[in-house]
Amino acid sequence: MTTAITHFIAGARATGTSPRAQDVFNPATGAVTGRVALANAADVDTAVAAAQAAFPAWSDTPPIRRARVMFKFLELVNLHKDELAHLITAEHGKVFTDAQGEVARGIDIIEFSCGIPQLLKGDFTDQVSTGMDNWTLRQPLGVVAGITPFNFPVMVPMWMFPVAIAAGNTFILKPSPIDPSASLFMAELLQQAGLPDGVFNVVQGDKEAVDALLVHPDVKAISFVGSTPIANYIYETGAHHGKRVQALGGAKNHMVVMPDADLDQAVDALIGAAYGSAGERCMAISVAVLVGDVADRIMPKLIERTQALKVLNGTNLAAEMGPIVTAAAHQRITGYIEAGAAEGAELLVDGRRFDAKQTGEGCEGGFWMGGTLFDKVTPGMKIYKEEIFGPVLSCVRVHDFAEAVNLINAHEFGNGTSCFTRDGNVAREFARRIQVGMVGINVPIPVPMAWQGFGGWKKSLFGDMHAYGEEGVRFYTKQKSIMQRWPESIGKGAEFVMPTAK
């Protein structure tokens, strides 16, 4: 039996007016489990109208009362976090423990948003001029929207809507149609937490819904996470229509392994960061940069661990990696492996040979692939230049630290990177010299905590402000400066020169 997955508009599930819909699959079995509605422009208009109607009262609600709704939502998410994780595993395929981790990182942002009264405080200066005071306010933008990817159907939306809503905005979430069920569950938890109808809405859909949001005059800001070509499109189109935009794009994250690194720790880091969530993370390590003689010492360990990956149904708690999210993604990743082999990279472990019968009963029809390991990859190869978004680790050999830094800095992406070393000077120089937005020293996936903000450099980020943290608060608010004086302090006569402090 398949489930009908609808929109959530003005506090209730809504089927919308569009006749279009799309199948939702369990990637572990290949079975259709749901049918998700795909919105048209009229459905988007309905959601925006609901959000616009809810904005005046919600923006006037004192920040402490908005924070209390977030506190209640936090309580409810904690109570239902395993249900959210099961929804993720059922539609995305990532292993259940990884899904639990995704929910936990989303909870961090909710906790951060509960401090919104402190985060919205302005500045005040008494007596900036005789009898005159000056202060600043941070006020919400209005209706804002989030367009989120399949790989984190809970965490990435939570990067956006808790901060936006706590700051006084109303929100429209357009999740991926690949794994849409978690969006409705979150909407209903927000409603149970006491959020007024229309403050949070979900519009299911594809490009038609995205385009309608991008051009809608009442949508004031767009947040996006996805591939670089789409991020660029979102940024240019949204900005053209006068919107504030933060669009987080693709990545090609490198991990440098220095000759002095603890090899066992480096191998653990590479295996987890390359193959966790089947490599379908924008912070996955997809390139190992092996410096000097470390390559010959580490490769046997990497081969052994890649071959031994426990690729199982994500509901199996022994699983280290689940299936690929869709058949189309499986085909795309297969094409990259073929291209790497054709261009001369050494294919040491071929994930295409993985036997789906190992994954569990009823899973033979799933979208299965093992880990793939390439050695002697060069910068001109397709598998080095492009984001694969799958369980493929490419090893590049370099002579020294300077060559490693230059290699990374020359890449068009600049999302995340890492360096494993015991040398403090190497670590310091790496952190300072590398042209990447998020850097780990002996940390393979350096995703910042809730109060620090997430974002890359170069073609990994379009826009000026990172997601969540204090930059997230600034993104979802606008500053207003107010200067004030009263009649007794106003001098006689008109002034025709620029005002100055007196």
Side-chain angles (χ1 to χ4, degrees), residues 1-41 43-44 46-48 50-51 77 80-81 83-94 96 99 102-103 106 145-161 171-191 200-213 222-227 230 234 277 280 314 322-329 367:
M1 188 177 80
T2 61
T3 302
I5 302 165
T6 64
H7 317 297
F8 189 92
I9 298 172
R13 295 198 181 211
T15 56
T17 61
S18 170
R20 297 188 310 125
Q22 177 176 313
D23 287 337
V24 177
F25 294 86
N26 181 338
T29 64
V32 175
T33 59
R35 187 89 174 148
V36 60
L38 300 177
N40 56 23
D43 297 328
V44 171
T46 301
V48 174
V77 172
H80 297 282
K81 58 187 177 183
E83 292 168 68
L84 275 169
H86 279 298
L87 287 173
I88 296 167
T89 296
E91 293 182 347
H92 174 278
K94 69 175 65 175
F96 180 66
E102 172 184 340
V103 176
I147 301 165
T148 57
F150 74 83
N151 59 329
F152 289 100
V154 170
M155 184 185 75
V156 171
M158 286 184 180
W159 284 2
M160 303 172 186
F161 72 78
F171 197 91
I172 297 170
L173 173 63
K174 204 300 290 179
S176 169
I178 291 172
D179 42 14
S181 293
S183 63
L184 297 180
F185 194 89
M186 291 187 291
E188 288 170 350
L189 291 182
L190 282 164
Q191 188 176 47
F200 180 80
N201 306 274
V202 178
V203 174
Q204 311 287 0
D206 52 12
K207 188 176 185 298
E208 186 172 342
V210 170
D211 286 343
L213 287 168
I222 299 278
S223 300
F224 170 83
V225 176
S227 69
I230 305 303
I234 295 283
S277 198
E280 294 167 332
I324 306 302
V325 67
T326 62
F367 313 132

Checklist entry - Does the pair Asn151 and Val325 meet the rule for a side chain to side chain contact (heavy atoms under 4.5 Å, CB included), with working shown? => result CA-CA 8 Å; Asn151 59 329; Val325 67; over 6 Å; no
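- Using the six-membered ring where Trp is involved, Phe25 and Phe367 have ring planes that are perpendicular, over 60° apart on the 30 and 60° scheme.
- The closest donor-acceptor contact from the side chain of Gln204 to the backbone of His7 lies at 3.5 Å or more, if one exists at all.
- Among all heavy-atom pairs drawn from Gly146 and Phe171, the shortest one is N-CZ, 3.5 Å.
- Pro27 is not listed as a side-chain neighbour of His92, based on a closest heavy-atom distance of 4.5 Å or more.
- Residues that satisfy the salt bridge (Lys or Arg N to Asp or Glu O under 4.0 Å) test with Glu102, not counting sequence neighbours, are Lys94.
- Atoms CH2 and OG, on Trp159 and Ser223 in that order, are 11.0 Å from each other to the nearest 0.5 Å.
- In this structure, Gln191 and Phe8 have side chains that are in contact, with non-hydrogen atoms separated by less than 4.5 Å.
- Between Glu280 and Phe150 there is a side-chain heavy-atom pair separated by less than 4.5 Å.
- For the pair Val32 and Thr2, the tightest heavy-atom approach, listed with the atom from each and the gap, is O-CG2, 3.7 Å.
- Asn201 approaches Ala51 most closely through the heavy-atom pair ND2-CB, 3.7 Å.
- Results of the side chain to side chain contact (heavy atoms under 4.5 Å, CB included) test with Phe224 over Ile234, Val210, Thr148 single out Ile234 as the only residue that passes.
- Here the straight-line distance linking atom CD1 of Ile88 with atom OG of Ser181 works out to 11.0 Å at 0.5 Å rounding.
- The shortest heavy-atom contact between Ser176 and Pro149 is CB-C, 3.7 Å.
- Using a 4.5 Å heavy-atom cutoff, the side chains of Thr3 and Thr33 are not in contact.
- Shown here are the salt bridge (Lys or Arg N to Asp or Glu O under 4.0 Å) partners of Arg35, two or more places apart in sequence or in another chain: Asp23.
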Checklist entry - After noting the C-alpha distance and the side-chain angles of Arg20 and Asn40, does the key distance pass the side chain to side chain contact (heavy atoms under 4.5 Å, CB included) rule? => result CA-CA 8 Å; Arg20 297 188 310 125; Asn40 56 23; 5.8 Å; no
Checklist entry - Taking it one step at a time, do His80 and Glu83 satisfy side chain to side chain donor-acceptor pair (under 3.5 Å)? => result CA-CA 5 Å; His80 297 282; Glu83 292 168 68; 2.6 Å; yes
Item to check | Criterion side chain to side chain contact (heavy atoms under 4.5 Å, CB included) on Val202 and Met186, from CA distance to verdict | outcome: CA-CA 10 Å; Val202 178; Met186 291 187 291; over 6 Å; no
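- Using a 4.5 Å cut-off on side-chain heavy atoms (C-beta onward), Val48 and Ile172 make contact.
- When side chains are defined from C-beta on, Asp179 does not count as touching Val24, because their heavy atoms never get closer than 4.5 Å.
- Asp43 pairs by the side chain to side chain donor-acceptor pair (under 3.5 Å) definition with Thr17, not counting sequence neighbours.
- The backbone N or O of His86 lies less than 3.5 Å from no partner atom in the side chain of Thr89, so there is not a single donor-acceptor pair.
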Item to check | Working for side chain to side chain contact (heavy atoms under 4.5 Å, CB included), residues Glu91 and Ile5 | outcome: CA-CA 12 Å; Glu91 293 182 347; Ile5 302 165; 4.0 Å; yes
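- Rounding to the nearest 0.5 Å gives a distance of 9.0 Å between CG of Leu213 and CG of Asp211.
- Atom CZ of residue Phe185 and atom CG of residue Leu84 lie 5.0 Å apart, to the nearest 0.5 angstrom.
- A distance of 14.0 Å separates CG in Leu38 from NZ in Lys207, rounded to the nearest 0.5 Å.
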Next on the checklist: side chain to side chain donor-acceptor pair (under 3.5 Å), that's the test. Do Glu208 and Ser18 meet it? Break it down for me.
Outcome noted: CA-CA 11 Å; Glu208 186 172 342; Ser18 170; 5.8 Å; no
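- In plain terms, the two heavy atoms of Ala182 and Leu87 that are nearest each other are CA-CD1, 4.0 Å.
- The shortest heavy-atom contact between Lys174 and Gly205 is NZ-O, 2.9 Å.
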